[in-house]
Structure formats: structure tokens, C-alpha cells
Chemist: 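Quick one: this structure, given as C-alpha cells, is what I'll be asking you about.
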Amino acid sequence: MSTASATLSTAAPADHRAAVSLVEKCRLATELRQIHGRIIKSDILSHPLVASRFVSAFSLSEGNSLPDCLLLYSQMMASLGNRQGLGFSLPSLLKSCGKASALEEGRQIHAQVLKSHLREDPFVSNSILRMYLEMGEVEVALKVFDKMFNRDVISWNSMISGCFKSGKIDLACRMFDEMPHKDIVSVNSMVDGLMKHVGCDFARELFEKNRDKSDVVTWTSMVSGYTLNGHPKEALKLFREMLRSGVDPDVAAIVNGLSAIADLGFAEEGRWIHAMLHRSSTSLNSGILASALIDMYSKCGLIGDACSVFRSISSRRRIVDWNSMLSGLALHGLGRETLDLFNEMLRMDVNPDEVTFLAILSACSHSGLVDEGQHYFKIMHEEFNISPRIKHYGCMIDLFGRAGLLENATRIIDEMPVEPDSMIWKSLLSSCIKHGYVAIGEAAAMKALELAPLDSSCYVLLSNLYANAGKWSNVAKIRAVMKARKVRKNPGCSSVMIGGSIHEFFVGKEMGTTCREVVRAKLEEVIGRLKMEGYRADLNQVIVDVDEEEKEGLLVVHSEKMAIAFGLASIDEGAPIRVMKNLRVCGDCHSFSKLVSRVYNQEIILRDQNRFHHFKGGTCSCNDYW
DNA sequence: ATAGGGTTAG
């Protein structure tokens, strides 16, 4: 039960102060409507503050209720005594139009404003600008901007962020250069835009040039940007630097720190932040903090801790909390548990969204629950009125493909209303590798390569397809094409956590002498022992790394084997070996890990690009289905 | 009351 529902049973608010505080507690539009109904006959509603709070509450409530906002607006227009209330309400109303992409309504309000004294109000004119930018109407916004006589730093800043969001990068940069007075928000908008649309280095340059390093938003934009661009290490480095420099992190800063930690799998550091939040009595019920913690724990392999956080949320759990938990379970291959939790969510009347169904479908796909996956794909549309997006189709292709139902997978591609992207073709291709469909796989690879000619994983997959089929001359051809196009295979990298510190292993890269000898000796021993248990290296799976064989003095094995060997030699008795790998684990390393877990009675928890594998007693939590 | 950073999928 939410806070407002509890308060709703009491009588109508006595004065405008009581009304304002009540409105601010509401989260749902229905609650707001009830309060509105109670005071509609009193004069409380005509108080400028009350009316405007209602509009802003409606525009922020779940679902952004534009009709409610418009109704209040027309009521205010009708009561001549509330001109002040109108001035305070228009910014929220215009925001509401922007969020709802209600161009026609927005235009009408704009026209009415131009005819009134409010055209001189900077809040109102900036909100008009913002509304057009929000709707992607950059041309209109530019016209409004040019005609504004009360243009201020907020107008310029709105233009910068709006231009970035519409992909007008040059215009955004020009605005930044030309603006007469820049403040910290201008810099932050620019840093964020450069991160998202141009690249880390340009953002970094601006960040370094800006001498003011005390603003938490600037730091957060940098942290978020590095993570989004695939550099979580640099992101975490900056996050730590921010803390060291004494900047007080807010929820958004923490969330971004956690997101970098989740990508890196640094469980210890994630725990530390959780403890820090606990010490400072920060509530996990506000914002997306709980959701970010659940995500971090899941991605660090600590699914139990993720569940604890989820269960500890004391207020009504919101959709983001459920989604993070569902995705976490799916990531760990806990298909049944994911579906059980989904049903619990439905029983509690929480409305699933498109992300929920992505978690559900990916859970089904990872666990081989083909019928269930089809069922949820069907009801997603029929019962919950959510149209599938490309990623949902991707999950379905994965679901059928993994299960060997290639006809169903290709039918999805034929029938989907959106143009398939390279991810879709790569997914089909992976299934073809698994089930040995060379011709279909070849065709899928060609499509993928057409769409993403510089994506090394397309070449690697195709090469694996040929290698599995014994078509060695084709394998050689692929390698030649890669060389000619200067496409380099993403180097495999695994890390293992030993006593709180991280050790990294790369294929074909020099490591410290001691470390190399430890790994070499241990690997020799392990492989010897496994061979007696019937292990035979599957050379087909290793073939893509053959280039590295020419280098002398380097270990020519997949990085996860090195990490596991190092783990075996160094881990405390009874503790699981936690390994993270940047690519997908290959079949050979998978059987290797299973055998190690039995022969050495050693639990191994391995996170690869897609999911977790828990190896124990000779079996894997994925049931060899991945 | 208007401008900047925020999780979940793949």
C-alpha cells in the first residue's frame, strides 16, 4: 500500500498547505483524482500553489496523465481569479505535453501564451522551448529560441541537451561555443552529450579543461559515459576519485558506480558501497537504488544477496525492482524461479512492462522452456497489450534456435514487422553452429556481415561454423578476409578473484613470470588428471586462436582455463572460484570446468558474456544448454 | 514552477 492511499481515508485537507503536502505524497493519478474531487468545491483549489502542484503531480505521476493536466488548465483558464496559478502551472503542463508528444495541444497552449502577459515569463517561455525539444521538433525550437527576447542560460542549456538528444551534434557544439555565459549545467550537458554521441576522449578533454571538480553531476556523467562506452574500469576509477576528492555522492552517482561495478563483477567493492549506504541510513526505497543493488549483486554472481535486497524492500515494490530481480534470476539460468516470481508479481497486481517480458523470454530461452516462452510471448501482446520489439523477437529466435527448432526461428525472422539487425542474424547463426546447419548459418552470417562488416564476432562465428563442419579451407578464407579488412578478433580475457583482488588473464599476452609458471604448472597437472578421467581437448573450439600459436613463450589456451588453473593453485579451501570472461565460454572450456568441479571437488562460478555457469560436482547449472 | 547525471534487456 502506498503512502497516499493510507492518508486518503482521512477527511479533505483543511487548508492549502495540507493540500500541497497531500498532493506531494501521491504516486498514482487515481489518488490525485480523489483528492482533487474532494476539494473541487472549496476555494483551496484556486490557490495558485495548489493548482500548480496538481498539474505537476499529474504530469509526474505514473503514466503522465496529460488529460488531467489539460482539464485543470481549462478550469484555471475559466476562473479569472487564478492568473497566478496559471503561471505556475504552465511549466508542468508544457512538460506533460512534451512527454506525451502532444504536439497539437502544445501548439495551442503556445499560441494562447503568446496572446497573454505570460509570454514575458522566462519560466513559461523556457518550458515552451523545452517542450518542442522533448518532442524532437528541433526546427520549431530553433525558431522559438531565435525569437526569444528573454533568452537566458537555461534556454541555451536546453538547446544544447535537446540538440544532442535529436542527434544534431554539430548544432549542440556550436551552441555551446557561441553562448555568452556558460554555467556548470552547460558543461555537464556537453560532457554527457559528447559521451553519448561523440566519444569518451572528447568528453574527457572538456572534463579536464573544466577546473571546477566539485559538482557531483559532472562526475556522474563521466562515470556513466565510460560505462556506456564499454570502459567500466575507467568509470570505477573516476568514481573512486570522486569519493576521494570529497564530493558527496547522491543516488544517481551511487547508481552509476554500482553499474560500473556490476559490469566488472567486483563483488567486494559492491558490498562496500552497500555497507556505506547502510551506515548512512540511506533508504533503498527511494529511486532506483534497490534495483541497482539487485542488478549489481546478480551480475557479481551473488544471486542470494540480490534476493535479500529484493525481499528487504519494505514499501510497495515497483516495476524496476521486479525487473532487476527477474533479469538476475534469468542471468543465473534459474528459469523456473523467474517464472514463479513473475506469477507472484502478477498476483500483487504489478503491471509488467516490455523489460519484464525480455527477462521472462530470456529466462525461458536460457532454460530451454520452449512452450512457456511461446506462451508468454503470446500473452505479452494479447493480455498485456505490449507489442514485441526487436529484442523480444531476438529472444524468441534464441529460444527456438537453441532448442534446435530452426524452422520456427527462421519463421520469426520472416514474419517480424521490423527489419532484422545483425544481432538477430548472429543469434540464428549461433544456433546453426550448435546444431550443425551449415547452409542456413552461412546465409545468416552473410546478412550479419552486410549489416556489421567491422564486427569481429560475425567472422568468428562463421569461422566456428566451418570449423565444426570440418571445412578448413573456408576457415582459412575467413581469416584472410579478416586480415584484409583489418578486423581483429576481440581478445579473450578472464579474471579471477582471489582474496579480494582481481587477477586478469589474456590469450596470447605476456604475464608476470611467477604467475605464468604457476599457471603453466597447474594447467599441466590438471589436464593430465582430467585426461585420465576421459577428457579430450576439443580442438575445433580452439581453432580461432591459432594465430597466437606462433608467439613463443605464451600460453595458448583460452583465458578461462588459465584463470581456473590460477584459482585452483591459489584459492582458499572450500571457497568457490569466481571467474569472469568477456566472451562466451566455448564447449571445450565448459567440459573442462565441469570435470574440474568433480575431480578437484571445487565449485566454479563463471560469468561469460551471456550468463552465469555454476559448476559443481561435475555438472553445470545451465544443464549444458547455453 | 524552466536547463545537467540514474537500474532493468542484448
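In what follows, every chain begins at residue 1, and chains take the letters A, B, ... in the order their sequences are listed. Hydrogens, waters and symmetry mates play no part in the numbers below; they use all other heavy atoms, side chains included. Because the structure is a prediction, the values reported are computed rather than measured.
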Chemist: State whether A:F207 and A:K213 meet the cation-pi test: NZ (Lys) or CZ (Arg) under 6.0 Å from the six-membered ring centroid, and within 45° of the perpendicular axis.
Modeler: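 Yes, a cation-pi geometry.
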Chemist: Would you say a side-chain N or O of A:S125 is under 4.0 Å from OP1 or OP2 of B:dT2?
Modeler: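 Checking B:dT2 against A:S125, no side-chain N or O comes under 4.0 Å of OP1 or OP2.
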Chemist: For the side chain of A:V355, counting heavy atoms from C-beta on, which of B:dG10, B:dA1, B:dA9 is nearest?
Modeler: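 Given the options B:dG10, B:dA1, B:dA9, the side chain of A:V355 is closest to B:dA9.
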Chemist: Could you check whether A:E208 pairs with A:R204 (Lys NZ or Arg NE/NH1/NH2 to Asp/Glu carboxylate O, under 4.0 Å)?
Modeler: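 Answer for the salt bridge query: yes.
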Chemist: Please state how far atom CG in A:N150 lies from atom P in B:dA3, giving the value in whole angstrom units.
Modeler: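 Going from A:N150 (CG) to B:dA3 (P), I get 15 Å.
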Chemist: Do A:N323 and B:dT8 share a donor-acceptor pair, side chain to base, under 3.5 Å?
Modeler: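 Pair found.
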Chemist: Send over the distance from A:D263 CG to B:dT8 C1', rounded to a whole Å.
Modeler: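 To the nearest whole Å, that distance equals 13 Å.
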Chemist: Residues from residues 249-258 of chain A sitting under 4.0 Å of DNA chain B, heavy atoms only?
Modeler: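 Per residue number, the list reads A:D250, A:V251, A:A252, A:A253, A:V255, A:N256.
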Chemist: Between A:S422 and A:D455, is any side-chain donor less than 3.5 angstrom from a side-chain acceptor?
Modeler: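 There is no such pair between these side chains.
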Chemist: Rounded off to whole Å, could you give me the CG-to-P distance for the A:L331 and B:dT8 pair?
Modeler: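 Checked: the CG to P distance equals 11 Å.
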Chemist: Kindly state which residues belonging to residues 420-430 of chain A come within less than 4.0 angstrom of DNA chain B, counting heavy atoms of the residue only, listed by number.
Modeler: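 Heavy-atom cutoff 4.0 Å gives A:M423.
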Chemist: Tell me which nucleotide among B:dG5, B:dG10, B:dA3 gets nearest to the side chain of A:S221.
Modeler: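 It is B:dG5.
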Chemist: I need the CD-P distance between A:E120 and B:dA1, as an integer number of Å.
Modeler: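 A:E120 atom CD is separated from B:dA1 atom P by 22 Å.
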Chemist: Relative to each other, are the rings of A:F342 and A:Y376 parallel, tilted or perpendicular (30° and 60° limits)?
Modeler: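 Perpendicular.
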Chemist: Could you state the atom-to-atom distance from CG of A:D121 to C1' of B:dA3 in whole Å?
Modeler: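 Rounded to the whole Å, the gap is 15 Å.
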Chemist: In whole Å, what is the span from the CG atom of A:D608 to the C1' atom of B:dG10?
Modeler: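 The answer, rounded to whole Å, is 13 Å.
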Chemist: What's the CZ-P distance between A:R611 and B:dG10, to the nearest Å?
Modeler: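 Atom CZ in A:R611 sits about 11 Å away from atom P in B:dG10.
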Chemist: Taking the side chain of A:S161 as heavy atoms from C-beta outward, which of B:dT8, B:dA9, B:dA3 is closest to it?
Modeler: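 The closest nucleotide is B:dA3.
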Chemist: Is A:F88 stacked against the base of B:dA1, taking the criterion as centroid distance under 5.5 angstrom and interplanar angle under 30°?
Modeler: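 Here A:F88 fails the 5.5 Å or the 30° condition.
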Chemist: Looking only at the side chain of A:P91 (C-beta and beyond, no hydrogens), which of the listed nucleotides B:dA3, B:dT2, B:dG6 gets closest?
Modeler: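 Nearest listed nucleotide: B:dT2.
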Chemist: Given B:dA9, B:dG5, B:dA3, identify the nucleotide with an atom nearest to the side chain of A:S327.
Modeler: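 Output: B:dA9.
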Chemist: The side chain of A:V216 is closest to which nucleotide in this list: B:dA3, B:dT7, B:dG5?
Modeler: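 From the listed options, B:dG5 comes nearest.
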Chemist: Return the value, rounded to whole Å, for the distance between atom CG of A:D192 and atom P of B:dA3.
Modeler: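 Going from A:D192 (CG) to B:dA3 (P), I get 15 Å.
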Chemist: If you check the A:D183 side chain, which of B:dT8, B:dA3, B:dG5 turns out closest?
Modeler: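 Selected nucleotide (nearest to the side chain): B:dA3.
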Chemist: Establish, yes or no, whether a centroid distance under 6.0 Å links the rings of A:F239 and A:W219.
Modeler: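 Not close enough - the centres of the two rings lie 6.0 Å or further apart.
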Chemist: Applying side-chain contact (heavy atoms from CB on, under 4.5 Å) between A:V113 and each of A:D121, A:V124, A:L94, report the one that passes.
Modeler: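 For A:V113, the side-chain contact (heavy atoms from CB on, under 4.5 Å) check succeeds only for A:V124.
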Chemist: Is any side-chain nitrogen or oxygen of A:K95 closer than 4.0 Å to OP1 or OP2 of B:dA3?
Modeler: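 For B:dA3, OP1/OP2 do have a side-chain N/O of A:K95 under 4.0 Å.
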Chemist: State whether the distance check finds a donor on one side and an acceptor on the other, under 3.5 Å, for side chain A:S127 versus base B:dT2.
Modeler: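 Answer no: no donor N or O sits under 3.5 Å from an acceptor.
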Chemist: Would you find more than 12 non-hydrogen atoms of other residues, nucleotides or ligands less than 6.0 Å from A:E419 atom CD?
Modeler: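 For A:E419, atom CD is not crowded (no more than 12 foreign heavy atoms under 6.0 Å).
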Chemist: Please evaluate residues A:N157 and A:S189 with respect to the criterion side chain to side chain donor-acceptor pair (under 3.5 Å), reporting the C-alpha separation (whole Å), side-chain torsions for both, the decisive distance (0.1 Å), and the verdict.
Modeler: CA-CA 7 Å; A:N157 290 344; A:S189 307; 5.3 Å; no
Chemist: So what does A:D321 hit on the nucleic acid, given a heavy-atom distance under 4.0 Å: a base, only sugar-phosphate, or nothing?
Modeler: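 The residue A:D321 makes no contact with any strand.
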Chemist: Select base, sugar-phosphate, or nothing to describe what A:N610 touches, counting heavy atoms under 4.0 Å on all strands.
Modeler: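 It contacts nothing in the nucleic acid.
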Chemist: Inspect the surroundings of NZ in A:K434 and state if more than 12 heavy atoms from other residues, nucleotides or ligands are less than 6.0 Å away.
Modeler: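 Check passes, neighbour count above 12.
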Chemist: So what does A:K182 hit on the nucleic acid, given a heavy-atom distance under 4.0 Å: a base, only sugar-phosphate, or nothing?
Modeler: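 Contact class for A:K182: none.
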Chemist: Which residues pass the ring pair (Phe, Tyr, Trp, His ring centres under 6.0 Å) test with A:Y132, sequence neighbours left out?
Modeler: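 With neighbours one apart ignored, the set is A:H110.
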Chemist: Between B:dG6, B:dA1, B:dT2, which one does the side chain of A:S224 approach most closely?
Modeler: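 Among B:dG6, B:dA1, B:dT2, the one nearest the side chain of A:S224 is B:dG6.
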Chemist: For the ring pair (Phe, Tyr, Trp, His ring centres under 6.0 Å) test, which of A:W322, A:Y393, A:F377, A:F384 pairs with A:F357?
Modeler: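 That would be A:F384.
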